[in-house]
There are 2 protein chains.
Amino acid sequence: MSKNLHSSQAFPRPLTTVDVVIFTVIDDQLHVLLVKRPTGDSEPYPGMWALPGGYVDIERDKDLEACALHKLKEKTGVVSPYLEQLGSWGNARRDPRGWTATHVYFAILPYESVELHSGSHATDIDWFQLKDDGVGHELAFDHSTILATAIARLRGKAEYTSLPAYLLPDTFTLSELQHVFSVVLGRPVDKSGFRTRVLSANLVEEADGVRSGYSRPAQLYRLKTPQNPTYFPRTFNPRKD
Amino acid sequence: MSKNLHSSQAFPRPLTTVDVVIFTVIDDQLHVLLVKRPTGDSEPYPGMWALPGGYVDIERDKDLEACALHKLKEKTGVVSPYLEQLGSWGNARRDPRGWTATHVYFAILPYESVELHSGSHATDIDWFQLKDDGVGHELAFDHSTILATAIARLRGKAEYTSLPAYLLPDTFTLSELQHVFSVVLGRPVDKSGFRTRVLSANLVEEADGVRSGYSRPAQLYRLKTPQNPTYFPRTFNPRKD
DNA sequence: TTAATAGTGTCTATAAGACATTATATG
DNA sequence: CATATAATGTCTTATAGACACTATTAA
């Protein structure tokens with residue numbers, strides 16, 4: 001047996017987990033899905049809220065993304081969300097049980113597509129409204145840091161990609177799209193400029209039908225490439241000096 | 001002992017590794033640092049070239065980034081490069097020894113700062129010139145995929161951030177900066193537009209001294225915030241339709 | 001006809017792209 | 001003075017931002 005293989009097996013292995021930051025918009029506000037930690041005596045952070053996640057099951061999960069998708073489906077019932085890797089966090093102190101490394105994904109869903117599934121009690125999973133860079137209180141482990149990173153990524157990418165579109169159902173009007181951008185960006189978005197931007201970026205195509213209400217009906221659109229976000233050639237609101 | 005803790009310990013753990021994609025510019029060409037796999041019988045991918053990396057040592061490495069920095073210093077002697085997380089890759093098939101997950105970082109260095117340190121032979125570590133999305137031949141594990149992702153990230157970020165600046169030493173002229181951007185982007189960059197872009201982005205400040213040659217001497221500059229790259233408000237060459 | 005929202009048009013400011021011109025060093 | 005490169009200026013084009021205006025439905 002080679003020295004290298006031998007030494008690899010001698011290494012104590014860090015624990016490997018996967019966590020998922022799940023965003024949606026409820027009542028014109030960004031929300032994130034959190035689950036409550038169990039309250040057993042030897043549990044870390046008992047009763048605190050945390051990002052959904054857990055250990056990689058090397059029998060069940062064929063890769064990290066499959067593991068993230070599994071946890072997402074388990075909690076929300078959603079099977080094909082927008083999902084991207086956020087990063088990984090690993091050190092000796094984040095979990096009292098020892099050296100752990102977590103691979104974090106973030107998902108964006110339309111609220112209409114979700115059906116929450118709690119483990120035992122309906123009260124141990126819930127949506128929390130985002131304020132600034134978190135939910136207003138500390139989370140278990142280093143999840144406050146991870147959540148802040150995810151929020152920054154979502155807001156940052158909203159400046160130059162079509163990411164917020166994944167917060168809407170399959171078909172939507174341009175006004176709805178504009179509105180969800182303004183929710184994520186936290187500031188008003190000009191209608192005319194937004195429409196030019198979206199249409200010239202080839203982001204959407206017309207869908208059948210219109211959204212009718214107490215005013216002029218609005219054309220429905222759908223994403224042209226729902227698999228990947230579109231990159232705009234510029235950010236919103238170029239900075240002035 | 002709680003059910004959760006018990007089950008966590010029962011889980012077979014994936015192997016955890018860290019790999020580093022190290023870029024530099026040599027003779028006006030992008031290069032990446034690779035190491036040769038050992039040739040023992042039970043070694044995976046014996047004799048093939050791979051990204052530098054290895055197991056996380058939970059005694060020595062306080063976190064994942066420290067582990068990446070350690071591996072970088074070990075190979076190049078460089079202690080404070082530009083380093084960012086690229087992503088993680090984990091599944092049951094990438095390493096014949098079992099389920100592994102690797103946390104990948106990418107580093108950007110000025111070639112002048114490097115002193116290669118090989119393990120035993122000077123021939124088992126080397127710089128490879130980049131062509132398109134790789135080095136022209138397959139790498140060990142899934143490192144060809146990882147390298148392609150890193151190249152895309154570097155080229156992509158060169159369109160709207162100051163990343164290529166980290167390929168230069170502390171002080172440089174604007175012409176040198178322009179040139180290294182053109183090397184990374186793989187296309188010529190207009191002098192006047194580039195200078196306006198760089199100066200109005202507040203990216204650099206004047207350093208003492210000039211670079212003299214057989215023509216008008218050039219003012220030396222340095223990065224204003226060497227810790228973080230600067231984001232430009234637009235990409236280069238907005239696409240035409 | 002009015003209210004409400006969809007959708008378009010106009011004007012301005014900003015910055016990139018292309019390329020010409022001026023500036024300043026060495027040999 | 002010739003040459004090479006640094007540094008700046010000019011003109012055009014593209015697009016965002018602001019905001020005014022027109023279009024189309026339901027009540």
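A quick note: this is a predicted structure, and the numbers were derived from the prediction, not measured. Letters go in sequence order (proteins before strands), and every chain restarts at 1.
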Item checked: d(CG, A:Leu177; P, C:dG7) in whole Å ->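 Between P of C:dG7 and CG of A:Leu177: 12 Å.
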Give each protein N/O atom lying under 3.5 Å from an N/O atom of nucleotides 8-13 of chain D, with the pair distance.
{"unit_1": "D:dG9", "atom_1": "O6", "unit_2": "B:Ser192", "atom_2": "OG", "d": "2.5"}

Checklist line | Polar side-chain atom of B:Ser113 near backbone of B:Leu109 as donor-acceptor pair, under 3.5 Å | finding: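 Side chain of B:Ser113 to backbone of B:Leu109: no pair is present.
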Margin query: Is any side-chain heavy atom of A:Asp124 closer than 4.5 Å to one of A:Val35?
Written below: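 No, their side chains stay 4.5 Å or more apart.
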Check: Side-chain contact, heavy-atom cut-off 4.5 Å: B:Ile151 with B:Phe23?
Finding: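 Yes, at least one pair of side-chain atoms sits under 4.5 Å.
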Just checking, any donor-acceptor pair under 3.5 angstrom between side chains of [X] and [Y]?
{"X": "B:Gln85", "Y": "A:Ser88", "result": "yes"}
{"X": "B:Thr24", "Y": "B:His31", "result": "no"}
{"X": "B:Lys224", "Y": "B:Asn202", "result": "yes"}

Give me the distances for all protein-to-nucleotides 22-25 of chain C N/O pairs that come in under 3.5 Å?
{"unit_1": "C:dA23", "atom_1": "N3", "unit_2": "B:Arg216", "atom_2": "NH1", "d": "3.1"}
{"unit_1": "C:dT24", "atom_1": "O4'", "unit_2": "B:Arg216", "atom_2": "NE", "d": "3.4"}

Notebook entry, point to check: So, B:Glu159 and B:Arg187, do they make that salt bridge, N to O below 4.0 Å?
Noted result: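 Judged by the 4.0 Å cut-off on N to carboxylate O distance, B:Glu159 and B:Arg187 do form a salt bridge.
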Note to self: Can you tell me if B:Arg197 touches the phosphate of C:dA16, counting only side-chain N or O atoms and a distance under 4.0 Å to OP1 or OP2?
What the structure shows: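 Checking C:dA16 against B:Arg197, a side-chain N or O does come within under 4.0 Å of OP1 or OP2.
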Margin query: Is the distance between the ring centroids of A:Phe194 and A:Phe181 under 6.0 Å?
Written below: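 So the answer is yes for these two rings.
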